Amino acid sequence: MCTILHYMMCRMVHISAIRENFSLSRQEAALLAITSVWGGTFLLIHLAMRHSGPMFFVGVRFVIAGLVAAAIFSKSLRRITGRELWAGTAIGVMIFLGYGLQTQGLQTINSSTSAFLTALYVPMVPLLQWLVFRQRPHTMVLLGAGLAFVGLLLLAGPGAVTLGLGPGEIATLASTLPMAAEILLIGFYAGKVNLGRVTVIQLLVAGGLGFSAMPAAGESVPEFSWLWAAPAIGLGAASFLIQATMNWAQKSVSPARATIIYAGEPVWAGIFGRMAGDRMPALALLGAAVIVAGTLLSEIRPRPGDTTRDQAQAPNQDALTE
């Protein structure tokens with residue numbers, strides 16, 4: 001009898017621990033919600049690229065987002081500090097590089113492929129922490145990165161190794177580095193700057209850089225069409241919502257924890273792409289699944305009671321790691 005009661009008590013404690021681990025805070029729930037919005041943007045951008053150049057579209061999108069932010073946070077803009085200008089500019093540059101390269105890639109690849117390639121920024125976050133903050137990734141991070149690379153090869157197809165990736169895939173892969181840097185910068189400055197003022201600065205900087213890059217990209221202002229204007233307006237509002245939510249939520253959600261949630265982005269993009277008629281071959285679908293598995297695997301951490309080699313090497317981790 002005592003054995004049965006002991007077993008039942010252990011099971012109850014185990015179930016309570018599982019529920020605690022999988023419970024979402026308000027901030028995590030908000031990130032989960034914007035991830036679905038984020039996933040839907042790939043298809044809109046892919047359709048808009050038939051009628052607009054990528055740099056012009058990035059400029060319009062983020063200037064609209066910045067103006068929306070400025071209208072909402074107008075009362076606090078007079079008190080901008082030097083740190084907020086620096087933080088907003090640094091994050092804005094990363095937004096421009098990330099979304100600019102991603103948008104350029106969407107000229108030649110479909111939204112589902114773009115989203116799954118973009119997901120490779122997730123294992124990059126802890127790897128950048130290693131380089132920038134001298135925090136060695138856990139073994140699971142390294143395994144996840146390797147698995148994500150295998151998925152990339154499957155997604156690219158059998159000829160990728162010999163023929164090389166196309167320009168769209170290369171631009172999208174390049175976009176993952178500034179996207180990972182953006183998440184780290186948001187996490188670094190969270191709680192140290194005013195949310196509204198930094199959101200306005202980063203969005204206007206990203207939009208301004210988009211317009212500034214048009215001559216170098218050989219772009220001109222396209223003829224007006226609602227086929228690019230409507231997505232730009234919609235994505236401008238969505239971009240404000242996404243960036244403001246990230247800035248707010250990452251005050252209490254670490255970059256490592258946030259990337260687990262962001263890993264759902266390509267899944268949503270794949271769902272929306274499938275609804276719109278994107279048809280990825282079976283091997284590409286397998287590669288996409290492996291990429292998602294790799295990104296999630298990269299975020300698995302040893303339990304607090306475990307005495308592992310990784311814990312011995314990183315005993316004093318701060319809020320940037322879990």
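Keep in mind the model is a prediction, meaning the values are calculated, not measured. Hydrogens, waters and symmetry mates are skipped; everything else that's a heavy atom, side chains included, is used. Numbers here are sequence positions counted from 1.
Looking at Met55 and Thr103, their side chains never come closer than 4.5 Å, going by heavy atoms from C-beta outward. Looking at heavy atoms from C-beta onward, Leu203 lies out of side-chain contact with Val200 at the 4.5 angstrom threshold. At least one side-chain heavy atom of Met246 sits less than 4.5 Å from a side-chain heavy atom of Ile242. Between His51 and Pro222 the shortest side-chain heavy-atom distance does not fall below 4.5 Å. With contacts defined as side-chain heavy-atom distances shorter than 4.5 Å, the pair Tyr99/Arg61 qualifies. Inter-residue side-chain proximity for Asn194 and Arg79 is flagged as unmet; no heavy-atom pair is nearer than 4.5 Å. Between Met179 and Ile95 the shortest side-chain heavy-atom distance does not fall below 4.5 Å. Within the 4.5 Å cutoff, side-chain heavy atoms of Gln107 are placed close to those of Pro54.
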Trace of the side-chain contact (heavy atoms from CB on, under 4.5 Å) decision for Leu31 with Val253: CA-CA 9 Å; Leu31 290 180; Val253 181; 4.1 Å; yes
Evaluation steps, side-chain contact (heavy atoms from CB on, under 4.5 Å), between Leu227 and Arg50: CA-CA 9 Å; Leu227 294 175; Arg50 301 174 184 175; over 6 Å; no
Verdict with reasoning, Phe240 to Ile64, per side-chain contact (heavy atoms from CB on, under 4.5 Å): CA-CA 9 Å; Phe240 161 71; Ile64 289 174; over 6 Å; no
Residue pair Ser114, Gln102: steps toward the side-chain contact (heavy atoms from CB on, under 4.5 Å) verdict: CA-CA 7 Å; Ser114 174; Gln102 182 192 78; 3.9 Å; yes
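With sequence neighbours left out, Glu182 forms a side chain to side chain donor-acceptor pair (under 3.5 Å) with Gln243. Residues passing the side chain to side chain donor-acceptor pair (under 3.5 Å) test with Glu84, sequence neighbours excluded: Thr81, Arg197. For Ala238, the side chain to side chain contact (heavy atoms under 4.5 Å, CB included) partners are Val37, not counting sequence neighbours.
Checking each of Leu173, Ile183, Leu177 against Tyr121 for a side chain to side chain contact (heavy atoms under 4.5 Å, CB included) leaves exactly one that passes, namely Ile183.
One hydrophobic cluster, built from ILVMFWY side chains closer than 4.5 Å, cannot hold both Val198 and Leu195; they sit in different ones. Ile201 and Leu67 fall within the same hydrophobic cluster, defined by Ile, Leu, Val, Met, Phe, Trp and Tyr side-chain heavy atoms under 4.5 Å apart, directly or through other members.
If you take OG1 on Thr89 and CD on Gln202, they are separated by 10.0 Å, rounding to the nearest 0.5 Å. Distance check: Glu219 CD to Ser52 OG gives 6.5 Å after rounding to the nearest 0.5 Å. Rounded to the nearest 0.5 angstrom, Thr245 OG1 and Gln250 CD are separated by 11.0 Å. Annotation: the span from Leu209 atom CG to Met94 atom CE amounts to 10.0 Å, rounded to 0.5 Å. Expressed to the nearest 0.5 Å, how far CZ of Arg26 lies from CH2 of Trp248 amounts to 5.0 Å. The distance from the CD1 atom of Ile186 to the OG1 atom of Thr199 is 8.5 Å, given to the nearest 0.5 Å.
For Leu101 against Ser175, the heavy-atom pair with the smallest separation is CB-CB, 3.6 Å. When all heavy atoms of Ser74 and Ala71 are compared, the closest pair comes out as OG-O, 3.5 Å. The shortest non-hydrogen separation linking Ala48 to Phe57 is CB-CE1, 3.6 Å. Contact between Ala87 and Val193 at its shortest, heavy atoms only, is CB-CG1, 4.3 Å. For the pair Val93 and Val205, the tightest heavy-atom approach, listed with the atom from each and the gap, is N-CG1, 4.0 Å.
Trp86 and Tyr189 have their aromatic ring centers separated by at least 6.0 angstrom. Aromatic rings from Phe96 and Phe62 are positioned such that their centres are separated by 6.0 Å or more.
Side-chain atoms of Trp226 do not come within 3.5 Å of backbone N or O of Pro231 as any donor-acceptor pair. Although no hydrogens or angles enter the test, the distance criterion places a donor-acceptor pair under 3.5 Å between the side chain of Ser239 and the main chain of Leu235.
Because its NZ or CZ atom is both nearer than 6.0 Å to the ring centre of Phe188 and within 45° of the ring axis, Lys192 counts as a cation-pi partner of that residue.
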